[in-house]
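Read the structure below first, then the notes.
Each ligand, and each atom within it, is numbered from 1 in the order the structure gives. Atoms considered below: every heavy atom in the structure, side chains included; atoms not considered: hydrogens, waters and symmetry mates.
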Amino acid sequence: MQSIGIVGGGIGGLTLALACRESGLTDVSVYEQCSAPETAGHGILLSPNATRVLHALGLKEALTDAACQSDAVHYRSHRTGYQISMRPLGAFAEARYGAPFCQLLRSDLTRLLTEKLHDREIDLHYGWRCTGLDQSAEAVSLTSERGETRRHDLAVGSDGVHSHVRRFMHEEVPPTFTGHVAWRGTTPVADLPAQFNSHPATIWLGPGRHITHYPVRGGELLAFTAVVETAVSGDESWSQTGERAVLAEQFQEWHPVIQALVDASEDLHHWPLYDRAPLARWTDGHVTLLGDACHPALPYLSQGAALAIEDAWVLSRMLENWEEDVASGLSEYERYRRPRAARVQAGSRQEGQSLHLSDPWQIRWRNLRMALGSRYLPEIAMERYDWLYGYDCVKGFG
Ligand SMILES: Cc1cc2nc3c(=O)[nH]c(=O)nc-3n(C[C@H](O)[C@H](O)[C@H](O)COP(=O)(O)OP(=O)(O)OC[C@H]3O[C@@H](n4cnc5c(N)ncnc54)[C@H](O)[C@@H]3O)c2cc1C
């Protein structure tokens, strides 16, 4: 029986464990450095390219119960609240892409995945921080910081943007600080003014910054992500508790509903955003990478977790014929996934530039294009995203 050790029990690692189990691999272990599953109350948007995979893994009903869906995403101007454009989601998008857009808390998504993994009797090792990796021609050994060693036929590094596993196969090149800092938090809808009662998903655009909010937890909470350009380099830690007053200051000139959203916010954390050029290689012998470990995407298209979920599905399908030849499975995995990941990384950078325009003429031109697109040429406006949301790795990936 072939065994697989997954380093990192984030969204990518947990999805891979489930996908491997569903494709018939029984000896699957996940090693996660945190002592328990993620509990942070941050929101996550899952697009159809990701939800179709979760549906295929038997999570359709659980995801539908846990998630909210918005009929549309509205783009608004930061000071006046003027609606620039609107992109339909809900039933329209589901009919177009065959799977829904979902909004939920990351902790709820992690819970759904871990519950399913417990049902499937997959070993989840919490408090197991991988600090060593050694491979021979036959196998790979993982060592924890407490000195325990586990031997596997294959190790997958799904250990995030600051991946340790990546360092065993590539010289460490520090990621580039983008000059952007993201803040995430949630706000109880009951604490917000009446404008939020219908709380559609909304993206507010202002020079050098934007804020996205959407309902989660049955509409009781609004989850938001605010991204601000700053001259100050952030520090390296992944998640830090943020100060509400600092965020409020960044948005003090903005529409009163945004100020209310920030003033009543809870669970605020901020992240300096780092970028990496695409890696030339994801695999070395018995070790491969997945998700942010090999292709972190800036959050402007909300695709980082979606890409990790797609990777997980494709890798698990490539391992189905493992008895025959794992090396060619891994190289096929890379061959299919690298161009897709690089395209999404590039698209995310581009989207960030467009969302954060500062030049008044460029802003007018962007807004005009968005407005004309959504009012008069909605089909063409939607087609722009078909390559992203229409990607269906469940059907095939040739
Ligand atoms: C502000 C912001 C908003 C975002 N919004 C969205 C969104 O709406 N939709 C979307 O699709 N994506 C979004 N993303 C991207 C998404 O969060 C990431 O791309 C996604 O979490 C990547 O999943 P992963 O499993 O590769 O890595 P991670 O989620 O980072 O998981 C890595 C795991 O590995 C563990 N780990 C690390 N080192 C070790 C070690 N040595 N040993 C053992 N375990 C280890 C970590 O504790 C962690 O649990 C957003 C990102 C940011 C910053």
Side-chain angles (χ1 to χ4, degrees), residues 5-17 29-40 42-51 53-54 101-106 109-110 113-114 124-133 142-146 150 155-168 178 180-185 201 203 210-214 216 223-228 234 238-239 242 269-275 289-312 341 344-345 348 352 388-389:
I6 300 172
V7 179
I11 292 167
L14 295 175
T15 308
L16 177 66
S29 302
V30 180
Y31 303 102
E32 167 55 45
Q33 65 180 359
C34 296
S35 55
E38 178 171 5
T39 53
H42 302 130
I44 186 159
L45 288 162
L46 287 179
S47 45
N49 46 315
T51 55
V53 172
L54 298 174
F101 283 86
C102 287
Q103 308 138 199
L104 72 170
L105 293 181
R106 281 179 69 103
L109 178 57
T110 304
L113 288 164
T114 48
L124 297 175
H125 304 273
Y126 286 98
W128 209 103
R129 179 174 157 73
C130 178
T131 51
L133 186 150
L142 302 171
T143 309
S144 76
E145 68 181 346
R146 289 196 302 263
R150 299 294 166 95
V156 180
S158 55
D159 50 345
V161 66
H162 299 298
S163 170
H164 283 260
V165 175
R166 187 185 54 227
R167 285 179 212 160
F168 295 108
T178 56
H180 297 192
V181 174
W183 297 72
R184 284 197 282 198
I203 303 179
H210 80 281
I211 187 162
T212 302
H213 60 71
Y214 47 85
V216 293
F224 68 86
T225 301
V227 182
V228 175
W238 170 237
S239 166
H269 287 71
H270 69 277
W271 287 259
L273 297 180
Y274 291 93
D275 203 4
L289 299 170
L290 173 151
D292 277 10
C294 46
H295 51 66
L298 295 170
Y300 304 110
L301 285 173
S302 302
Q303 284 296 310
L307 277 183
I309 290 169
E310 292 176 2
D311 284 350
V344 176
Q345 282 179 299
S348 302
L388 188 58
Y389 306 135

Looking only at non-hydrogen atoms, the one of S158, G8, A297 nearest atom 32 (C) of ligand 1 is S158
Are Y389 and F101 an aromatic pair by the rule of ring centers under 6.0 Å? yes
V7-ligand 1 polar pair, N/O distance under 3.5 Å: no
To atom 27 (O) of ligand 1, the nearest of G10, S348, G160 on a heavy-atom basis is G160
Report yes if R106 has an N/O atom closer than 3.5 Å to an N/O atom of ligand 1; otherwise report no. yes
Name the atoms and distances for all side-chain donor-acceptor pairs under 3.5 Å in residues 296-304, with sequence neighbours left out.
from	atom 1	to	atom 2	distance (Å)
Y300	OH	H180	ND1	2.3
Q303	OE1	N49	ND2	2.9
Q303	NE2	S47	OG	2.8

Should you measure from each heavy atom of W128, which atoms of ligand 1 turn up under 4.0 Å away? 42 (N), 43 (C)
According to ring pair (Phe, Tyr, Trp, His ring centres under 6.0 Å), who are the partners of F224, at least two apart in sequence or on a separate chain? none
Using distance alone, decide if ligand 1 has a nitrogen or oxygen within less than 3.5 Å of any nitrogen or oxygen in W271. no
Atoms of ligand 1 close to Q303 [distance to a heavy atom under 4.0 angstrom, numbered from 1]: 10 (C), 11 (O)
Just which atoms of ligand 1 are under 4.0 Å from any heavy atom in R129? 42 (N)
Could you tell me which atoms of ligand 1, counted from 1 in the order shown, lie closer than 4.0 angstrom to a heavy atom of C34? 47 (O)
Judged on heavy-atom distance to atom 2 (C) of ligand 1, which of R184, H295, H270 sits nearest? R184
So is there a nitrogen or oxygen of V161 less than 3.5 Å from a nitrogen or oxygen in ligand 1? no
